[in-house]
Each structure stands twice: as C-alpha cells, then as structure tokens.
Amino acid sequence: MLELAYLREHTDRVRKALRDRGLPDSELDAFLRIDAQRRQAITDVEGLKAERNRANAEIGRLKKERQDASALMLRMKEVSAQIKQLDQRADELDAQVRQWLLTLPNLPHESVPVGRSPAENAEVRRWGTPPAFDFEPKPHWDSGVSLGLLDFERASKMAGARFVVYTGLGARLERALADFMLDVHGREHGYHEVLPPFVINSAALVGTGQLPRFAGDLFKLGDTDYWLSPTAEVQVTNLFRDQTFRADALPLKFCAWTANFRSEAGSYGKETRGIVRQHQFQKVELVKFARPEQSYDELESLTQDAEVILQKLGLPYRVVALCTGDLGFAAAKTYDLEVWLPGQNTYKEISSCSNFEAFQARRAGIRYRVPGKSRSDYVHTLNGSGLAVGRTWMAVIENYQQADGSVVIPEALRPYMGGLERLEPSRGLFLDTFL
RNA sequence: GGAGGAGUGCCGGAGCGGUUGAACGGGGCCGCCUUGAAAGCGGCUAGUCCGCGAGAGCGGGCUCGGGGGUUCGAAUCCCUCCUCCUCCGCCA
C-alpha cells in the first residue's frame, strides 16, 4: 500500500510507475477526487464532534449545579443525528479509498530495469558451471520415477493433478534438504527459526498483499475465513502485524519451513510435467524486518544467504534482476535465483528475493521506533526463498545424475542422508514393489 | 461440541453513565542528594487520524479486545464477534 500523502503529492511518479509496470493509470484521477471528498467529510464531521464535546462538558457542568440543561440537550440531539449521517458518509468514502489503495501495486525502485516482459530482466551474475554429460541428461520426471523417488499416479489417485508423493529415499531427500537449509540459515546466517500455521486468515493475506487482488491464486477452505498459505512470507511477516519494533532490534531475520499451497489457476497446460509447478510444495523462507536506510543492503545479503545454499550444494545458477513488467505486485525490487536444470536444458526460478520497502508494513501496521523520538515509522520488509525445497530436489536429481542412472548425493547433504552417497536406480515405482 | 470466567496504558490493578486519556502501585527515563551507587525526594512516561505551519509546533477527532446499538453524553448499559483461562466431552 502506498502512502496517501505521497500519492497526492507525487501523482506523476505513481503514474509513471504504473505505466512502467504495464498497468493502466486511468483510475488515478477519479481516486484523487474521492480522496478529496473523503477529507472534506472528515473535516466537517470532526467540527461537529468538537462542538458536541464542548456541549457535553457544559451539560455535565449544568447538571452538577442543578441547572436546567434541556434546551442544550435538545439541540445536541439534532447535532448527534447529523454526526451520525456524516460519519457514515466519511466511512463509505474511506472504505472506497482504502479498497482502491489496496489494489495499487508498489512503486519499482529506481534501480529496477524498465521492461515489459521477463525477456527484459537483467542478468546480474552467474555461479558455477553447468555439468557436462557424455549422455543425454534426463529430466527429473523420468529419473525421479525410475529411481523410485516420485509417485505421480498415486498422488493423483488421492488428490489430483499437480500433486506428488515422494517415496522412500525421495521423501528422505526432501526432508534432508529442508533440514540442511534451516541449519545453514539458523546456525550460520543468524536467522531465528519459526514454524507457523499453514492455514491462515484473510487479514494476514491482506497484510502481505495477496488479497484482495489475488484471491484466485489461493486455496480457500470452504465457507470459512481460512486459506491455505501460498508462502510463509505471509505468516512470518504477519508475526508482527500491528506492532512496533525497537529500532535497535533491527534488522531482524527469520526463517521458516512450511508447506505452501497454490491453486495455479490459469496455468493449465503449463509445466504440467514433474514437480516444477505443484499445488503443494515445501519451502524454506527467509524474512527480514529492516530500517528503511538498511533495507537495500539487507536485500543484497538476503539474496546471498539464499545463494549460499546453492553453492554448498554445488548447483549452478544465475541471479536475475526483474524488470518493471515482471515485478510482483508488492515488491519494489526483486532478484530471482535461477538454478540450472540439465534435464530441461534451462535455468529455472528457485528463489525470489524481494524488498517490499514499506508497502507491506503499511498494510500490516508494522513499525519501529527510535527511542526518544515520539514518532514511529514503518519498517521495510524483505523476503526470499531460501530455497524452494521441491525445486532444489529436482535440481539435485538432474545435476548429479550419472550415466548408469544413479544420482550422487552432494557432499553437504550426506550428513542429512545418514551418510548415503548415492541413489541407485530401481525398477519403477517404489510402492509397486509391494504389489 | 457443552458449562462457566476474563479481556483497561510498558506491567500489575482501580474505575456510582457526565473535566477519566483514564486513580493507585511497579517498571523505565530525567533531575536533586551522594566520592560512586543504593535508599529518599521531585518531575516525565500511549498511539493514530484530520487540519494549519517551512519547522519547532498548534488546534481538533478517534482509541479502555473488535464491531454495532441505547443516550445530549459510554471504559461504564445492551447486542454480537474474537481471543485467553477453568471444567466436561473428544482427540494427536
């Protein structure tokens, strides 16, 4: 959410930001008119309320002195009726303004490249060398099944398309990756670990920006106010909704392992193979709360913290700065980490690290205060995947595949796999061996 | 799911419907005292919104879990929702 005063005073900058994002700016003027009406209504009703307060004090005084106050009371009855009416009008306008404001995206940071599509994203750096194979590397949806690690058929039996059952060592590898990531971020990078609910309410989703605009991307639980969380960004950021940090406590860093749920509406026929795009996936999320002057440094270090996981696992990747047209709704700036997938001959997003500046903090009411200063200010929030566990899983399977069909387990991961060094090929689905 | 109880400021804890934004205590901060500290004494100690102002600031509105109602006037009365606690049931 943008600041109203900023919107009024820098309408042109907001207009440009919308255009850079490839969005229409036609509603802006109408919005500003409604806002002007709203402020007029507030001024009017507050004048009447001030009058009422003065009269009430007078009535109290008269009663105490046993004098007649009935004339004044009668007049105030009328004033109160007026207040009620005007209040309603002000509330309506305020709701309109707020509703509209909630659908307005963040302003891109000045360092964000202007562009229309992902093609205009800017590659920032590359790490690692894609492994050379003297055979045709397989995509994980082949090897994952032939190694007896994934079972798509059984997942669709109990749930449907875009779900998977990890079986045997496949399940263990998923768990090992998550455990490894949490250990690195917790012990080496200083993040506080939390394990939040996976089911959340709409207020939390409004706070981080998924609602009201993107309800269609989410799973909602029947006729309740419960939703399945699409990312731990929601839970962890909302840990401090409507609260104020001590300035000296910032920057603060949290990490969380969660399951994430996305409806993937509108992605029919896209990336239907393998575990690239699932309705449920596990992710280790990094979230930071920072003071405004720190936040861009913190974005760099957050991105590096995520990169360390890929480096320790020996997975080649590149870092991409998203252009204005590809930038998420709430983000001011985003770096995507894209891991190399030899089986699919492409780089694929495995982490998205963003600075939201005060956009989420204003929605969620997250502030900080400098001791001695009376006025609080909004924090900057940041988050990034550190990393998407399922996508890391497939990157390991594809990058470490051998000619004989086996997969070497990266050394950093072996302590988490009971010392196992290699996943050996089996004959098809693990669970079919019991039939 | 059934039956009770409770939600007030940083914390504890008062509060006959009318100078109560809120007594009192604790904590914190500042000052006095002291070689230093403690004790003692004095003072200060919410946020947010609207308007005016270059700014320091000034004026006003709102806020006693959330929302609604009664009333000239609500922390105080009524309704409703939420959260927490106790007992029963059920469960991991």
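Just so it is clear: chains get the letters A, B, ... in the order the sequence lines come, proteins before strands, and each one is counted from 1.
Base-pair partner of B:G36: not found among the strands shown (Watson-Crick or G-U wobble, both distances under 3.5 Å). Of all nucleotides present, only B:G43 satisfies the Watson-Crick or G-U wobble test against B:C29, with each distance under 3.5 Å. Using Watson-Crick or G-U wobble geometry with both donor-acceptor distances under 3.5 Å, B:C90 finds no partner in any strand shown. Across the strands present, B:G73 finds no partner; the criterion is a Watson-Crick or G-U wobble pair with both atom distances under 3.5 angstrom. Across all strands shown, B:G55 has no partner, as no Watson-Crick or G-U wobble contact with both distances under 3.5 Å is found. The partner of B:C64, taking Watson-Crick or G-U wobble pairs whose two distances both stay under 3.5 Å, does not exist in any strand shown.
Of the listed nucleotides (B:U48, B:C50, B:G60), B:G60 has the atom at the smallest distance from the side chain of A:Ala50.
Applying the salt bridge (Lys or Arg N to Asp or Glu O under 4.0 Å) rule to A:Glu3 yields no partners; only residues at least two apart in sequence or on another chain are considered.
Of the candidates A:Phe245, A:Phe356, A:Tyr378, A:Tyr368, A:Phe289 forms a ring-ring contact (aromatic ring centres under 6.0 Å, His included) with just one, namely A:Phe245.
If you measure from atom CZ of A:Arg52 to atom P of B:G18, you get 17 Å, rounded to the nearest angstrom. Separating the CG atom of A:Asp87 from the P atom of B:G69 is a distance of 10 Å, rounded to the nearest angstrom.
Taking the charged nitrogens against the carboxylate oxygens, A:Arg61 and A:Glu58 do have a contact shorter than 4.0 Å, which makes a salt bridge.
Side-chain N/O atoms of A:Gln37 and A:Arg89 include a donor and acceptor closer than 3.5 Å.
Taking only side-chain nitrogens and oxygens, A:Arg39 comes nearer than 4.0 Å to OP1 or OP2 of B:G51.
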